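Shown next, in structure tokens, is the structure this report addresses.
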2 protein chains.
Amino acid sequence: MKIGQLAKTVDLDIQTLRYYESQGLINEPQRLENGYRDYPQNSVERLRFIKKAKLVGFTLKEIKDLLAIQVTKDEHTCQEVKNFTQIKLDEINQKINELSEIKAALQKIHTSCCGGEETAAHCSILQALEN
Amino acid sequence: MKIGQLAKTVDLDIQTLRYYESQGLINEPQRLENGYRDYPQNSVERLRFIKKAKLVGFTLKEIKDLLAIQVTKDEHTCQEVKNFTQIKLDEINQKINELSEIKAALQKIHTSCCGGEETAAHCSILQALEN
DNA sequence: TTAAACCCTAAAGTGTACTAGAGGGTCAAA
DNA sequence: TTTGACCCTCTAGTACACTTTAGGGTTTAA
């Protein structure tokens, strides 16, 4: 799969794909005889993962680390992976909690708005957070 | 409350607070006779909200918009707020879904790692996502 | 009274993540 | 064969969110 096709499939632009390659987020793909990049099918999943992780506030460096997780028979590496995943799980749980709070506040505003009379007058997100 | 105290309370540095002020994320506080900023107590909540929202990937511009939500008796404004909060709720739900997927994958790796024999050999986050 | 700890503005610098531009080669259809 | 849509590298530029620096004034404890 050539770069233009891949870019369209994952909705990123060509320069971004080359940038991700330069930053080590995706492997250097094989080249065709003419020098064009030829991506394997699984690049699509990898890039979709990168997009997901970016959306929720992970940096490219952090995403690279997530993608680098590899459990092998080596016990040392295994323990490292276990520690790393635990840290990331904690971070993710925190993010989910923060999102849930913001969501609850928005829902409160959304529900009370236009809900009748003047219930929601001067309602702000900070006020909605103070339950 | 002076800027140093506020910075310590919310764990941001002084320059960041002045930067947020310059970007309109926090209001210009009153000044003491000597020209020092004197923040009201509620700056703490506002800044904590900003930190939460940043953690989960909102930009300062988006956070400013969230903080600007005000439901008034004006029907027009009310409808706008309802539309805006709905859009933000959709975004937040999407973020929660992405986080849940990443979390499930990490949990799978975390659980299978060192779990016995060689079950988790060469397990990566992308493989863990393919259920 | 002086030194450390605090505050001020304005401007320049940094890191991250792209994004655009220059200058070129490749390929398929008209 | 030439036009348009692709692809390549390398370099420079941009937007965002700080962070540092320069050059000052203020406050407080020793």
Side-chain angles (χ1 to χ4, degrees), chain A residues 1-41 43-44 46-68 88 91 95 98 102, chain B residues 1-41 43-44 46-68 91 95 98:
Chain A
M1 181 185 252
K2 283 185 287 177
I3 200 166
Q5 179 58 50
L6 179 59
K8 202 166 292 174
T9 304
V10 298
D11 193 30
L12 283 171
D13 71 43
I14 289 174
Q15 291 92 313
T16 301
L17 297 182
R18 291 200 276 244
Y19 175 70
Y20 285 173
E21 184 183 325
S22 77
Q23 301 304 298
L25 278 117
I26 52 178
N27 298 327
E28 286 183 30
Q30 300 282 112
R31 296 293 179 123
L32 300 170
E33 310 85 66
N34 59 17
Y36 289 11
R37 287 172 179 80
D38 185 27
Y39 292 95
Q41 190 54 41
S43 300
V44 174
R46 199 172 173 93
L47 286 163
R48 287 196 175 135
F49 177 81
I50 294 170
K51 287 187 77 179
K52 269 179 223 193
K54 259 186 58 62
L55 177 73
V56 294
F58 285 106
T59 63
L60 296 189
K61 172 72 177 63
E62 287 171 325
I63 295 167
K64 198 176 159 184
D65 292 343
L66 284 172
L67 285 165
K88 289 295 156 184
E91 279 176 32
K95 280 175 193 276
E98 312 294 29
I102 298 173
Chain B
M1 183 187 251
K2 282 186 288 178
I3 199 165
Q5 179 58 48
L6 180 58
K8 202 165 293 176
T9 304
V10 298
D11 193 29
L12 282 172
D13 70 45
I14 290 174
Q15 291 90 316
T16 302
L17 298 182
R18 291 199 277 242
Y19 175 70
Y20 286 173
E21 183 183 325
S22 77
Q23 302 304 299
L25 279 119
I26 52 178
N27 298 328
E28 287 183 31
Q30 300 283 109
R31 298 291 180 121
L32 301 169
E33 309 85 66
N34 58 16
Y36 289 10
R37 288 171 178 79
D38 184 27
Y39 292 94
Q41 191 55 40
S43 300
V44 174
R46 197 170 175 96
L47 287 163
R48 287 196 175 132
F49 177 81
I50 294 170
K51 287 187 79 178
K52 271 181 221 191
K54 259 186 61 59
L55 176 74
V56 294
F58 285 106
T59 63
L60 295 188
K61 172 73 177 64
E62 288 172 325
I63 295 168
K64 197 175 158 184
D65 291 344
L66 284 172
L67 284 166
E91 278 176 31
K95 281 175 192 276
E98 313 294 29

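Predicted model, so just to flag it, every value in this text is computed and none were measured. Keep in mind that the numbers below use all heavy atoms, side chains included, and drop hydrogens, waters and symmetry copies. Letters go in sequence order (proteins before strands), and every chain restarts at 1.
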Set of residues satisfying side chain to side chain donor-acceptor pair (under 3.5 Å) with respect to A:K88, sequence neighbours excluded: A:E91
How many whole angstroms separate atom OH of B:Y19 from atom P of C:dA12? 17 Å
Provide the closest heavy-atom pair for B:S22 versus B:Y19 in the form atom of the first, atom of the second, distance. OG-O, 2.6 Å
Please set out all donor-acceptor pairs under 3.5 angstrom arising from side-chain atoms of residues 10-18 of chain A, sequence neighbours excluded.
residue	atom	partner	partner atom	Å
A:D13	OD1	A:Q15	N	3.4
A:D13	OD1	A:T16	N	3.4
A:D13	OD1	A:T16	OG1	3.3

Please report the shortest heavy-atom distance between A:L67 and A:L25, naming the atom on each side. CD1-O, 4.0 Å
Please list, chain by chain and in numerical order, all residues satisfying salt bridge (charged side-chain N to carboxylate O under 4.0 Å, His left out) with A:D65, sequence neighbours excluded. A:K61
Could you report the tightest heavy-atom contact between A:V56 and A:K95, atom names first, then the distance? O-NZ, 2.9 Å
Provide, to the nearest angstrom, the distance between the NZ atom belonging to A:K2 and the P atom belonging to C:dC27. 8 Å
Using heavy atoms and a sub-4.0 Å distance, could you list which residues of residues 49-58 of chain A are near DNA chain D? By number, please. none
Which value, rounded to the nearest 0.5 Å, describes the distance between A:K2 atom NZ and A:N34 atom CG? 7.5 Å
Closest approach of A:R48 to A:T9 (non-hydrogen atoms, all atoms of both residues): NH2-O, 3.6 Å
Residue whose nearest DNA chain C nucleotide is more 5′ - A:L60 or B:Y36: B:Y36
Output the rounded distance in Å from CD (B:Q5) to P (C:dA5). 17 Å
Write down the atom of A:G57, the atom of A:E62, and the distance for their closest heavy-atom approach. O-OE1, 4.1 Å
Separation of atom CG in B:L17 from atom C1' in C:dT9, rounded to whole Å: 16 Å
Output the rounded distance in Å from CD (A:Q23) to C1' (C:dT19). 14 Å
DNA chain D: 5'-most and 3'-most nucleotides touching chain A, 4.0 angstrom heavy-atom criterion: D:dC6 to D:dT9
When rounded to the nearest 0.5 Å, the distance separating CG of B:L6 from CD of B:Q41 is 9.0 Å
Can you check the A:R18 CZ to C:dA17 C1' distance for me, whole Å? 16 Å
Taking everything shown except A:K51 itself, do over 12 heavy atoms lie less than 6.0 Å from its NZ? yes
Using a heavy-atom distance cut-off of less than 4.0 Å, which residues of residues 25-35 of chain A contact DNA chain C? A:N34
Nearest-angstrom distance from the residue atom CD1 of B:I14 to P of C:dC8: 8 Å
